[in-house]
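The chains referred to below are lettered A, B, ... by the order of the sequence lines, with proteins before strands, and numbering in each begins at 1.
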Amino acid sequence: MPAYQRPRGTQDVLPEATAKWRRLEALIAGHSASFGYGEIRTPIFEESDLYTRTSGVSSDIVRKEMYTFKDRGGRLLTLRPEGTAGVGRAYLENGLPSAPQPVKLWYLGPMFRYDRPQAGRFRQHTQYGIEVFGAASPLADVEVILVAHELFAAAGLTRLVIRLNSIGCPACRPAYRAKLVSYFEGRVGDLCEDCQDRFRENPLRLFDCKNERCRALLLGAPMSADNLCPECRSHFARVKEGLGSLGLRYADDPGLVRGLDYYSRTVFEIVYDPAGTGGNEAGGAAKDEAGGGSHRVLCGGGRYDGLVEELGGAPTPGVGFGLGVERLLATLEAEGLEAAGEGGTTGLSAGVVYVATVGPAAEIAGFGLARRLRRAGFVAICDLLGRSLRSQFKAGDRAGARWMLIIGDEELAAGVVAVRDLASGKQTSVPADEVLAELGRGAQS
RNA sequence: GUGAAUGUAGCUCAGUCGGUUAGAGCGCCAGACUGUGGCUCUGGAGGCCGCGGGUUCGAGACCCGUCAUUCACCCCA
């Protein structure tokens, strides 16, 4: 027995493993860049209040999981338990609301939670995450989910299920909450102790309980997705429509919630499902979060339209996800996969392409085209705000795009894409499946 | 830890002797151009004047405190 051991819930990564880490990190960096996300690095500790404010005093994080300490100057600080709050703080503090919108960021780094360690759960773990600020459109939700899903796909994982739900917004949630409360009012006694607390403090979090009796009661409870206002309903429908037309399988999971006030509308998880059951078990068996068993939650995210305002900024829509890198690595290992890191060979040297679209049908087509371009090594950026073509051109110009691809009703009807070389101003119309070749020709010259 | 300087819009800065509604340039958003970027023009959003107290009829300005930042020193990866 050595004199010292690493602290409970932490890990040493030895040379053989760090090589795998590096390859996965390279994949993540290249992948994020290919969607037009920029890397942000924020401090590993922040003022404690930032987390109590954003996660909420009733959350598990604040109640029992934060590593909080006082520094020598008497400041109350906390090792970051998650990434979004710090990124939101940085977004405001660095004047990013005045940068071209939307602002798309990614981060990778250690997070700290005082929790019972178990398979796939540590006190220090590494999280990769992305955040999109300033885009209210369902397209942004779709892109965020796509970024996560495509990363797994690029790493070689296939048996994935996207669990999807909508938890409404400040307009429809109060009425839903009231419905939920009245459903449980007479049954409080049947709930476990934790749930009795939840019932009082934040009834939405009842859905997080793993206790069998509670889950049985939840089966008959009113579900948020059935109680959305018209705006939330149409938002949710458009997210699903987008995922569907990109060929991403998803399963409605009415029991999926985020109990924090600043979350709104879309919430999702991506679950590794080796049995390939499809996982439509709405409100059914308890989920095995950490992944000792069959299911493994690799990634969780959602929309948080209230966060920036909570931090003192102007009302600003936001959406993002966080992903546990240790879990991903472990999953890849279990599948006998190696993260096929970019290794600098394919790189992203092919150039930046902005895919401009006019109309909802074109938006989806643009997403599909952008996906093909990224796989060929391009950085491909799509509009997430439903802006005018003119604005999209400006955005593309500022993003440093070499090419502008234009898809509208005319192009869709003719099965073509307009390709404009922004340097020369030359524009040609080419069949949709020849776009890559056309860009290749342009790159030669 | 020691000393000094500085805090006005996202950024760089004006703001007269203490006086009425705090400005400019850049950036951002939008329009001119209803499907086309850079250039130009027009419009718009954006401010707890770091925070707290004091002096004064009146404070962005003066005084005190506090917090933050920057620089130098000390130390250090």
Side-chain angles (χ1 to χ4, degrees), chain A residues 36 38 40-50 53 70-77 86-105 109-110 131-137 140 307-318 351-366 369-370 378-430 432 435 438-439 442:
Chain A
I40 184 167
R41 302 189 187 189
T42 64
I44 269 174
F45 55 86
E46 297 269 2
E47 216 177 308
S48 299
D49 190 48
L50 176 68
R53 193 68 180 286
K70 241 183 213 174
D71 75 1
R72 289 169 190 277
R75 285 166 275 246
L76 200 58
L77 303 170
V87 174
R89 191 224 83 232
Y91 171 80
L92 284 173
E93 184 166 350
N94 296 285
L96 267 27
S98 297
Q101 303 293 303
V103 172
K104 307 202 295 183
L105 302 166
E131 317 289 354
V132 178
F133 293 101
S137 158
L307 175 71
V308 171
E309 203 175 356
E310 182 68 32
L311 293 176
T316 306
V352 180
V353 183
Y354 195 103
V355 182
T357 54
V358 183
E363 282 172 349
I364 294 299
L369 176 58
F378 289 91
V379 172
I381 302 174
C382 297
D383 173 59
L384 298 179
L385 302 174
R387 289 192 282 201
S388 69
L389 190 59
R390 173 190 180 73
S391 292
Q392 293 183 59
F393 263 80
K394 287 184 176 172
D397 194 53
R398 274 179 304 218
R402 165 84 198 269
W403 295 276
M404 208 73 195
L405 305 188
I406 303 108
I407 308 176
D409 291 339
E410 297 165 22
E411 286 78 9
L412 282 179
V416 299
V417 173
V419 179
R420 184 182 180 89
D421 184 317
L422 286 179
S424 66
K426 269 188 211 143
Q427 185 167 326
T428 54
S429 189
V430 304
V435 170
E438 174 66 22
L439 296 185

Return the value, rounded to whole Å, for the distance between atom [atom1] of [X] and atom [atom2] of [N].
X	N	atom1	atom2	value
A:Leu96	B:G27	CG	C1'	12 Å
A:Lys394	B:C29	NZ	P	8 Å
A:Met404	B:G37	CE	C1'	7 Å
A:Arg72	B:C75	CZ	P	19 Å
A:Arg387	B:C33	CZ	C1'	17 Å
A:Gln101	B:G27	CD	C1'	12 Å
A:Asp421	B:U36	CG	P	19 Å
A:Glu410	B:U34	CD	P	13 Å

> Which part of the nucleic acid, if any, lies within contact of A:Glu411, taking any heavy atom under 4.0 Å across all strands shown: a base, the sugar-phosphate backbone alone, or nothing?
Replying inline: base
> Do the side-chain N or O atoms of A:Arg390 get closer than 4.0 angstrom to the phosphate oxygens (OP1, OP2) of B:C29?
Replying inline: no
>> If you compare every side-chain N and O of A:Arg398 against the phosphate oxygens of B:G27 (OP1, OP2), does one of them come in below 4.0 Å?
In response: no
Ignoring the backbone of [X], work out which of [options] is nearest its side chain.
X	options	answer
A:Ser391	B:C29, B:U36, B:A30	B:A30
A:Leu389	B:C28, B:G37, B:U36	B:U36
A:Ser388	B:G31, B:G10, B:G35	B:G31
A:Gln427	B:U36, B:G38, B:G27	B:U36

>> Does this structure show an ion pair linking A:Arg53 with A:Glu310, if we count only N-O contacts that are shorter than 4.0 Å?
In response: yes
>> Is the shortest side-chain heavy-atom distance between A:Val417 and A:Leu369 below 4.5 Å?
In response: yes
Would you measure the distance from the [atom1] atom in [N] across to the matching atom in [M] and give it in whole Å?
N	M	atom1	answer
B:G43	B:A61	C1'	33 Å
B:C28	B:G37	P	16 Å
B:G58	B:G50	C1'	23 Å
B:G60	B:G7	C1'	11 Å
B:C26	B:U21	C1'	25 Å
B:C74	B:U16	C1'	43 Å
B:C33	B:A14	C1'	36 Å

> Under the 3.5 angstrom rule, does the side chain of A:Gln101 hit a backbone N or O of A:Leu96 as a donor-acceptor pair?
Replying inline: yes
> Do you know which two heavy atoms are closest between A:Tyr354 and A:Arg387, and how far apart they sit?
Replying inline: OH-NH2, 4.3 Å
>> Which heavy atom of A:Glu46 sits nearest to which heavy atom of A:Pro43, and what is that distance?
In response: OE2-CD, 3.7 Å
> Just one of A:Lys426, A:Gln427, A:Arg402 clears the side chain to side chain donor-acceptor pair (under 3.5 Å) bar with A:Asp421, so which one?
Replying inline: A:Arg402
